[in-house]
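Numbers restart at 1 for each chain; the letters A, B, ... are given by sequence-line order, proteins then strands. What you see below is based on every heavy atom in this structure, not just the backbone, and it leaves out hydrogens, waters and symmetry mates.
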Amino acid sequence: MFGWEFPPNSSGGLGTACYGLTKALSSQGAQITLVLPTATEETDASFLKVINANLKVIKIRSAIKPYLTPEQYAHSTRGLHQSLYGSSLFEEAHRYALAAEEIASQEEFDIIHCHDWMTFEAGIRAKRVSGRPLVVHVHATEYDRTGGHPANQYVQEMERRGILEADAVITVSSYTRQKVMEHYAPEPSKVHVVHNAVEQTTVPAELDFGIRKHHKIVLFLGRLTLQKGPDYFLYAAKKVIEYEPDARFVMAGTGDMMGLLMNKAAELGLADKVLFTGFMKGESVDRLYRMADVYVMPSVSEPFGITALEAQKNRTPVIVSKNSGVTEVMKHCLKVDFWDTNQLASKIIGVLRYKELSKCMSDEGEREAAGISWDKAARKCLRIYSSLLARARVS
Amino acid sequence: MVEVCLYFQVHQPYRIRNYSVFEIGSSHDYFDHPKNGEVMRKVAAKCYLPANQLLLELLETHPGFKVSFSFSGTALEQFQQYAPEVLDSFKKLAGTGRVEILDETYYHSLAFLYSKEEFREQVTMHRDRIKKLFRQAPKIFRNTELIYNNELASYAEKMGYKGVLAEGADHVLGWRSPNFVYRPKNSQIKLLLKNYRLSDDIAFRFSERSWKEWPLTSGKFSNWVSAVNGNGNCVNLFMDYETFGEHQWQETGIFDFLRHMPAELLRHPHNRFSTPSEVARHNAMDELDIHNPISWADVERDTSAWLGNSMQKAAIQQLYDLEQPVKEAEDDKLLEDWRKLQTSDNFYYMCTKWFSDGDVHKYFNPYDSPYEAYMSFMNIINDLKIRMRAG
């Protein structure tokens, strides 16, 4: 399996999904060799103990990280030894692919499964040297990341090649499947939907946050990028505050729009109402959910949106964009058009005001999230593997 | 002798529109007029008009055929507003003298459970409206969604009704059969119980291909009804009138089923059709002691479809808490709006019980989710309060 983001070095849903899926696959008997690029020593061995022992991790030294634009990549590698790291994100993906090819010629495996465009070349090369069937897993397309206007032809081309050369394509939602079909037009019968899920761990019912004595908390949590719609969150905040002056808006995450959003918040007169936390992970994320009275995910285009399920698990009512895959499995939430900030504000106010509403959404949401497990997703993947292997045996 | 008693419920609510928090205090128009008109015209074309035409033919063909209806006041008003020809066709049916009309709460409300005063006012309003439109004085009462208990029976009796309808729920009947007339505890009024198996065979299972009896023919159905001979006096077939053409589409053959049913039933010499007040002439077989309210909804046959979760309970409590101030305001429009909000459908939309499964609740729900329904409703409650302060 070719992945790149993996907890604890995880900045978004991709790492969470890879973790959840590989763990569930292992527990159902799949033996996985996970190939990860990593520039730090933090992709740590201690973490492996969490995962079933038959998951073996091979690390490639690389600066590769998801969600970086080539410009950010250049910035992040500045100062690193040039001989260790490629000079661009694409070169890095390519270097990763060469290493992957090498690994594929040595390791034993039946199926190649790779996650998003950065590993697609690796997957294609591995398929060529091994002759094994290739599964590409689409967690997002370039069209999601850029609000429908692909900025990068290289990424688009990589997605196209991976999707067309794959023996099976897995998308994280029907919403994403439709995007894949529309932009890359693969053979429809090989494209399968396997919805993401949420880790079924219990969380404490902690509500003892000082800030809650004075304020209602509206939470945004995600990368501060165009795709996630953080600007719509701010415009809605402006309207909410007129009706609920004690509300506070927490924006957790980082991204290329951070500076712009801070300025915008000040411009809207919300400087003291909008609190930026920077990047959060692990336990802090769960605590944020529990601190919040409502979680808002106003994404312009969200292939899935695992955070919405995580919020539910923490008993936080959820408002999500209709342009998101998670709405296909999540019913106990409020859905909005991301661009309709009036509607968004009105729903935020409703959840803050009406305690029976928020209570029912918490109760039903928690129950709903408890039914959306990675085991189910893993079973679907295993069925896809089996049919590919059966077909390989016949031919 | 088995008396077959057909009763059809006709109801359309005033659906509430998505009413945003920003409208509180400035917009007092709560209802989705385009949607209400659209639904009414659609159901008129698919169900009310063709079904009424068919019933009229059947009444002309079979002198022994009889049916009964109950209309919510909100449906009657919307007929006048959006589909007057439907009301005319119902009047024509009533004119045959073999169509009995029942009473209910004007606003298809749950008032009985929250305010007896409001309940009585709505029943009186309904009685007046029926008299005016159909020149009948109803003798039989049916409460919203067949919500029933001992107390309801005694209220209906005091208001002069001869009989009251209820669900023949297993958990109250036990070993007893719904095919007899019963007597509520502490009242003399007659209790007519729905035979839910036979009723639901038509209303719910008719087009269900996985059902082992599919396809249901009127001949087969008549045999089941006739089999009651010797074990009961009546078979009460109670269902939504929208079963014909709306819940069960025309393509399922539901109209053909109805077309042939009277002849098939009358083929058996010991079957005959009766109206509810005719059935109520039977002596009561036994006493039924029903304390907790029962209804004809969902598998639970209780009130949990409208009052099952805390949102529903809070919303309806808030609404009825406004009763005195609304009535004291002496503002007709305010009172009318408050009453339209009482329609049980508004609380049904907030039900989370079956929401995930996307079943029948969802089919009838104009909102994306129960949460949206609750939010609009509570925003409106806030607007009502502002209107009262202003007045």
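- Put simply, the side chain of B:Met378 does not reach to within 4.5 Å of the side chain of A:Leu357, judged on heavy atoms.
- Going from atom CD of A:Glu364 over to atom OG1 of B:Thr352 covers 4.0 Å, rounded to the nearest 0.5 Å.
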TODO: Kindly indicate, with the supporting measurements, whether the criterion salt bridge (charged side-chain N to carboxylate O under 4.0 Å, His left out) is fulfilled by A:Lys347 and B:Glu372.
DONE: CA-CA 8 Å; A:Lys347 289 182 176 174; B:Glu372 253 99 11; 2.4 Å; yes

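- No more than 12 heavy-atom neighbours from other residues, nucleotides or ligands sit within 6.0 angstrom of NZ on A:Lys376.
- At most 12 non-hydrogen atoms from other residues, nucleotides or ligands lie less than 6.0 angstrom from OH of A:Tyr235.
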- [ ] May I have the step-by-step check of side-chain contact (heavy atoms from CB on, under 4.5 Å) for A:Tyr354 and B:Met311, ending in yes or no?
- [x] CA-CA 9 Å; A:Tyr354 303 131; B:Met311 290 189 293; over 6 Å; no

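- Looking at B:Tyr374, only its side chain comes within 4.5 Å of chain A, counting heavy atoms on both sides.
- B:Tyr371 OH to A:Glu356 CD: the interatomic distance, rounded to the nearest 0.5 Å, is 13.0 Å.
- Interface remark: A:Arg353 contributes side-chain atoms only to the contact with chain B (heavy atom separation under 4.5 Å).
- Atom OG of B:Ser369 sits about 11.0 Å away from atom NZ of A:Lys331, to the nearest 0.5 Å.
- Within 6.0 Å of NZ on B:Lys116 lie more than 12 heavy atoms contributed by other residues, nucleotides or ligands.
- Proximity to chain B (any heavy atom under 4.5 Å) is restricted, for A:Lys359, to the side chain, taken from C-beta onward.
- Looking at A:Asp363, neither its backbone nor its side chain comes within 4.5 Å of chain B, counting heavy atoms on both sides.
- When the shell of 6.0 Å around CG of B:Asp332 is examined, it contains 12 or fewer heavy atoms from other residues, nucleotides or ligands.
- Interatomic distance, A:Ser346 OG to B:Asn18 CG, rounded to the nearest 0.5 Å: 8.5 Å.
- When the heavy atoms of residues 239-246 of chain A are compared with those of chain B, the residues falling under 4.5 Å are A:Lys239, A:Tyr243, listed by number.
- Contacts between residues 308-319 of chain A and chain B, defined by a heavy-atom separation under 4.5 Å, are made by no residue at all.
- Annotation: maximal heavy-atom pairing with chain B below 4.5 Å, among A:Cys360, A:Gly350, A:Gly371, occurs at A:Cys360.
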Open item on the list: What verdict does the side-chain contact (heavy atoms from CB on, under 4.5 Å) test give for A:Leu334 and B:Met375, after you've listed the backbone C-alpha separation in whole Å, the side-chain angles of each residue and the deciding distance to 0.1 Å?
Closed with: CA-CA 10 Å; A:Leu334 294 167; B:Met375 231 181 301; 3.1 Å; yes

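- The local environment of CD in A:Gln178 is sparse, with at most 12 non-hydrogen atoms from other residues, nucleotides or ligands closer than 6.0 Å.
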